[in-house]
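To start, the structure itself, in structure tokens.
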Amino acid sequence: QVQLVESGGGSVQPGGSLRLSCAASGTIFSIYIMGWYRQAPGNQRELVAVINSGAMTNYADSVKGRFTISRDNAKNTVYLQMNNLKPEETAVYYCNADIFSGGVRGRVNYWGQGTQVTVSS
């Protein structure tokens, strides 16, 4: 049905940048909200940023001014530009989306498999 696939993770030095992408594929009529979450070892999964169908965005306080979320509706893809990365932001970053595929299930929430981001010197 629907699959979210993240890419762009990797290792970077403190202060460096990465751009994550998440492409949704399958039976998609509309995508309402797409976002990024992260989970570091021993921590709860936390919201990083979200963007809705009207391109309204919301960010965790800790990433404001450094991260930018955007989406390309034609490609069913959401991006997360991460600048000035900090070691404490080492985590698995997960893509999340609410998607309508035209069935009785209505609006369904999906998760990607996650992509590792490591920030270290």
Side-chain angles (χ1 to χ4, degrees):
Q1 40 166 17
V2 172
Q3 185 178 31
L4 304 179
V5 179
E6 302 100 330
S7 61
S11 296
V12 66
Q13 294 185 357
S17 298
L18 286 172
R19 190 172 86 141
L20 307 182
S21 64
C22 171
S25 62
T27 304
I28 300 171
F29 286 0
S30 61
I31 301 177
Y32 298 100
I33 295 176
M34 302 187 82
W36 291 93
Y37 293 72
R38 65 188 178 194
Q39 188 167 21
N43 289 80
Q44 292 288 110
R45 189 171 299 186
E46 65 174 344
L47 174 69
V48 178
V50 294
I51 183 167
N52 70 11
S53 59
M56 299 292 290
T57 59
N58 192 200
Y59 297 91
D61 287 342
S62 62
V63 308
K64 288 180 179 177
R66 297 186 297 115
F67 289 13
T68 302
I69 189 169
S70 61
R71 63 192 290 175
D72 185 334
N73 292 329
K75 296 181 178 180
N76 290 328
T77 299
V78 62
Y79 305 93
L80 185 68
Q81 178 66 46
M82 304 185 293
N83 296 327
N84 194 22
L85 282 159
K86 305 176 185 300
E88 57 265 36
E89 292 173 319
T90 293
V92 177
Y93 284 68
Y94 295 92
C95 180
N96 180 262
D98 279 6
I99 297 173
F100 177 57
S101 296
V104 297
R105 295 180 70 195
R107 179 172 172 166
V108 179
N109 187 255
Y110 296 91
W111 289 95
Q113 80 287 349
T115 185
Q116 177 70 47
V117 171
T118 302
V119 186
S120 66
S121 58

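Side chains are part of it too, since the values below use all heavy atoms of this structure and drop only hydrogens, waters and symmetry mates. Owing to the predicted nature of the structure, the values given are computational and were not obtained by experimental measurement. Position 1 is the first residue of the sequence; numbering continues from there.
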message: Any non-hydrogen side-chain atom of Arg38 less than 4.5 Å from a side-chain atom of Glu46?
response: yes
query: Which heavy atom of Met34 sits nearest a heavy atom of Val78, and at what distance?
result: CE-CG1, 3.6 Å
field: Row check, Tyr32 ring normal vs Arg107 NZ/CZ: under 6.0 Å, within 45°
entry: yes
- line: Rounded to the nearest 0.5 Å, the CD atom of Gln3 sits from the SG atom of Cys22 at a distance of 10.0 Å
message: Applying the side chain to side chain contact (heavy atoms under 4.5 Å, CB included) criterion to Glu89, which one of Val12, Leu18, Val63 satisfies it?
response: Val63
- prompt: Of the non-hydrogen atoms in Ala24 and Ile99, which two are nearest, and what is the gap between them?
  reply: CB-CD1, 4.2 Å
message: A side-chain contact here means heavy atoms from C-beta on lying under 4.5 Å apart; do Asn43 and Pro41 qualify?
response: no
- prompt: Atom CZ in Arg105, atom CZ in Phe100: separation rounded to 0.5 Å?
  reply: 11.5 Å
message: Tell me every residue that passes side chain to side chain contact (heavy atoms under 4.5 Å, CB included) with Ser11, counting only those two or more places apart in sequence or in another chain.
response: Thr118
Under 3.5 Å, which donor-acceptor pairs do the side chains of residues 80-88 form with other protein atoms, sequence neighbours left out?
{"from": "Gln81", "atom 1": "NE2", "to": "Asn83", "atom 2": "OD1", "distance (Å)": "2.9"}
{"from": "Asn83", "atom 1": "OD1", "to": "Ser17", "atom 2": "OG", "distance (Å)": "2.9"}

- line: ring-ring contact (aromatic ring centres under 6.0 Å, His included) filter on Tyr79, not counting sequence neighbours, yields none
Closest heavy-atom pair and its distance - Tyr110, Ser101: OH-OG, 4.4 Å
query: Counting only N and O atoms by type, is there a donor-acceptor contact under 3.5 Å from the side chain of Tyr59 to the main-chain atoms of Ile69?
result: yes
- line: Note: Ile33 and Asn52 closest approach over all heavy atoms is CG1-CB, 4.0 Å
query: Are Val5 and Ile28 joined in one hydrophobic group, where the rule is that I, L, V, M, F, W and Y side chains link up if heavy atoms are under 4.5 Å apart?
result: no
query: Considering only heavy atoms from C-beta outward, does the side chain of Asp98 approach that of Val108 to under 4.5 Å?
result: no
message: Please find the pair of heavy atoms, one from Gly9 and one from Val117, that lie closest to each other, and give the distance.
response: CA-CG2, 4.3 Å
message: Applying side chain to side chain contact (heavy atoms under 4.5 Å, CB included) to Leu20 and Thr115, what does each step give before you reach the verdict?
response: CA-CA 8 Å; Leu20 307 182; Thr115 185; 4.1 Å; yes
task: Would you please say whether a donor-acceptor pair under 3.5 Å links the side chains of Arg45 and Tyr37?
output: no
- request: First locate atom CH2 of Trp36, then atom CD of Glu6, and finally report the distance between them rounded to the nearest 0.5 Å.
  value: 5.0 Å
- prompt: Could you give the distance from OG (Ser25) to NZ (Lys75), rounded to the nearest 0.5 Å?
  reply: 14.5 Å
- line: When every non-hydrogen atom of Gln116 is compared with those of Val92, the smallest separation belongs to OE1-CG2, 3.4 Å
